[in-house]
Amino acid sequence: MTDYIKKLPKSELHVHLEGTFEPKQVFEFSKKNNISLPYKTTEDLKAAYKFDCLQSFLDIYYLSMSVLITEQDFFELTMSYLKKARENNVVHVDLFFDPQAHTARGIKVATFMNGISKACIEHKKRYGLSYNLIPCFLRHLSEKSGIKIFKELKPFSNAITGFGLDSGEKNNPPKKFKHLFQMVKEKGYRCVSHAGEEAGPQNIWDSLNLLNSERIDHGISLIDDPKLLSYLREKNIPLTMCPLSNLSLKVLDNLSDYPFRELLKLGVMITINSDDPAYFGGYLNDNLIRLAKDAHLTKNEIKKTVINGFKGAFLPDEKIDYWIRKINEIEQ
Ligand code: ADE
Ligand code: ZN
């Protein structure tokens, strides 16, 4: 199974660039930029990666990214992730990042947009990796703040495919961002949002109906609403699930309790992703390997999730068909 997973060309639809910031690199940048962190060593920082909920992770995640200052920092972080992606045989990525978390610290939009874009362009040239950039609005901030950053990103509109919604889900329901996502849609961007990670199925419904979400990031709580399950299945709405994230943040106690297999059998469009791999113990292959083992997925079922990853990507049909053909050529 492990070899099969490694050999498959894969897409990744739910990975936060700042969540790929490895502790060693966090410390290098903190020294270089002379920004002190409340941890003395890489080991101390790693030891703090014991989360009991989403918020406990977000606190460390925002703290660590505070050492990202220059365009070169964003370039190097992106290059490091893209190298990892290549090692995992990821051939396409819809890459998330959090603009407001950087502008709030006085970083200019051009600094991170140029750093991230240049690294992606270089990887595309060198290795043929395809990518889309998807800035996410922080849901713990106001809709007004979201509208402000949306306007500030306008000069970079050609580099952006769509927008997402992330950060703390509790007490920050989709309806808070209805007008913002209306603007996003009107400008012709793709829309996705985190929902049903730490809150119930109503957030999934509202993401679809109020925010025009074309994919749901996580969507774990869909199983509490049979009508929603049927709707997601009928409409073929991709769910970008992240098994190691769910375990780390105690969204799931174990993968064997969640009906991954049953949902796949029903035709629900599950895709597998790494979310914040530097924090949750593994990149894309690790997520697939752990899922296959704990949730007892067959090679065919793993293949289905990987094919779904391409079907759900913001890619032209010819490219999707090309990668599905390549996947079908891999011997099981
Ligand atoms: N930002 C980064 N990772 C996240 C997650 N798993 N949920 C919500 N916001 C996030
Ligand atoms: Zn996420």
Checking the side chain of [X] only, and the main-chain atoms of [Y] only, is there a donor and an acceptor separated by less than 3.5 Å?
X      : Y      : value
Asn246 : Leu252 : no
Asn132 : Phe314 : yes
Glu214 : Val192 : no
Ser11  : Gly309 : yes
His218 : Gly196 : no
Arg86  : Tyr127 : no
Lys326 : Pro9   : no
Ser213 : Ser207 : yes
Asp321 : Glu318 : no
Lys176 : Leu141 : yes

Look at the side-chain heavy atoms of Ile, Leu, Val, Met, Phe, Trp and Tyr, link any pair under 4.5 Å apart, and say whether [X] and [Y] land in one connected group.
X      : Y      : result
Met269 : Ile324 : no
Ile134 : Val109 : no
Leu239 : Leu13  : no

- [ ] Hey, could you give me each pair passing side-chain hydrogen bond (donor to acceptor under 3.5 Å, both in side chains) that has a residue in residues 226-236? Not counting sequence neighbours.
- [x] none

Taking side chain as C-beta onward, heavy atoms only, is [X] less than 4.5 Å from [Y]?
X      : Y      : value
Met241 : His14  : no
Glu197 : Asp166 : no
Cys191 : Leu211 : no
His194 : Leu165 : no
Pro38  : Leu63  : yes
Leu77  : Thr20  : yes
Leu82  : Val93  : yes
Ile330 : Tyr4   : yes

Quick check for you: to the nearest 0.5 Å, what is the distance between [X] atom [atom1] and [Y] atom [atom2]?
X      : Y      : atom1 : atom2 : answer
Leu263 : Thr305 : CG    : OG1   : 12.5 Å
Lys6   : Asn88  : NZ    : CG    : 9.0 Å
Ser64  : Ile35  : OG    : CD1   : 11.5 Å
Tyr258 : Asp294 : OH    : CG    : 15.5 Å
Ser117 : Glu71  : OG    : CD    : 9.0 Å
Arg261 : Ile270 : CZ    : CD1   : 12.0 Å

- [ ] Taking the six-membered ring for Trp and the full ring for Phe, Tyr or His, determine whether the centres of His16 and Tyr279 are under 6.0 Å apart.
- [x] no

Open item on the list: Check for me whether the distance between the ring centres of Phe27 and Tyr39 falls short of 6.0 Å.
Closed with: no

Give the table of side-chain donor-acceptor pairs shorter than 3.5 Å for residues 95-103, with sequence neighbours excluded, one pair per line with atom names and distance.
residue: Asp98; atom: OD2; partner: Tyr61; partner atom: OH; Å: 2.7
residue: Gln100; atom: OE1; partner: Leu138; partner atom: N; Å: 2.8
residue: Gln100; atom: NE2; partner: Ser145; partner atom: OG; Å: 2.8
residue: His102; atom: ND1; partner: Arg105; partner atom: NH2; Å: 2.8
residue: His102; atom: NE2; partner: Glu18; partner atom: OE2; Å: 2.8
residue: Thr103; atom: OG1; partner: Pro99; partner atom: O; Å: 3.4

Task: Tyr189 versus Gly162, closest heavy-atom pair with distance - done: CB-CA, 4.1 Å

Task: Nearest atoms (heavy-atom pairs only) where Thr78 meets Gly115 - done: OG1-O, 4.5 Å

Residue [X] excluded, over 12 heavy atoms near [atom1] under 6.0 Å:
X      : atom1 : answer
Gln332 : CD    : yes
Lys293 : NZ    : no
Asn328 : CG    : yes
Lys32  : NZ    : yes

TODO: Report the C-alpha distance between Leu68 and Ile107 in whole Å, list the side-chain angles of each, state the deciding distance to 0.1 Å, and finish with yes or no for side chain to side chain contact (heavy atoms under 4.5 Å, CB included).
DONE: CA-CA 9 Å; Leu68 290 165; Ile107 309 298; over 6 Å; no

If we ignore angles and hydrogens, is there a donor and acceptor under 3.5 Å between the side chains of [X] and [Y]?
X      : Y      : value
Thr240 : Asp217 : yes
Ser248 : Tyr49  : no
Asn300 : Thr298 : no
Asp73  : Thr70  : yes

Open item on the list: Please determine whether side chain to side chain contact (heavy atoms under 4.5 Å, CB included) holds for the pair Leu291 and Leu297, giving the CA-CA distance in whole Å, both sets of side-chain angles, and the decisive distance to 0.1 Å.
Closed with: CA-CA 7 Å; Leu291 179 73; Leu297 262 59; 3.7 Å; yes

Open item on the list: Whether Lys118 and Glu122 form a salt bridge (side-chain N of Lys/Arg under 4.0 Å from carboxylate O of Asp/Glu) is what I want to check.
Closed with: no

Task: Side-chain ion pair, Glu87 and Lys83, N-O less than 4.0 Å - done: yes

- [ ] Identify, with sequence neighbours excluded, every residue that meets side chain to side chain contact (heavy atoms under 4.5 Å, CB included) alongside Lys108.
- [x] Thr111

TODO: Apply side chain to side chain contact (heavy atoms under 4.5 Å, CB included) to Asn34 and list each qualifying residue two or more places apart in sequence or on a separate chain.
DONE: none

Open item on the list: Run Asp286 and Phe280 through side chain to side chain contact (heavy atoms under 4.5 Å, CB included) and show every step you take.
Closed with: CA-CA 10 Å; Asp286 302 312; Phe280 301 149; over 6 Å; no

- [ ] Share the residues that join Phe75 in a hydrophobic cluster, the rule being Ile, Leu, Val, Met, Phe, Trp or Tyr side chains under 4.5 Å apart at the heavy-atom level.
- [x] Met79

- [ ] With sequence neighbours excluded, tell me which residues meet side chain to side chain donor-acceptor pair (under 3.5 Å) with Glu198.
- [x] none

Open item on the list: Using the side-chain hydrogen bond (donor to acceptor under 3.5 Å, both in side chains) definition, which of the options Arg290, Lys10, Lys84 pairs with Asn285?
Closed with: Lys10

Open item on the list: Walk me through whether Phe150 and Phe163 qualify under ring-ring contact (aromatic ring centres under 6.0 Å, His included).
Closed with: CA-CA 9 Å; Phe150 181 58; Phe163 283 83; 5.1 Å; yes

TODO: Output, in order, the C-alpha distance, side-chain angles, deciding distance and verdict of side-chain hydrogen bond (donor to acceptor under 3.5 Å, both in side chains) for Ser80 and Gln25.
DONE: CA-CA 9 Å; Ser80 303; Gln25 203 174 28; 3.0 Å; yes

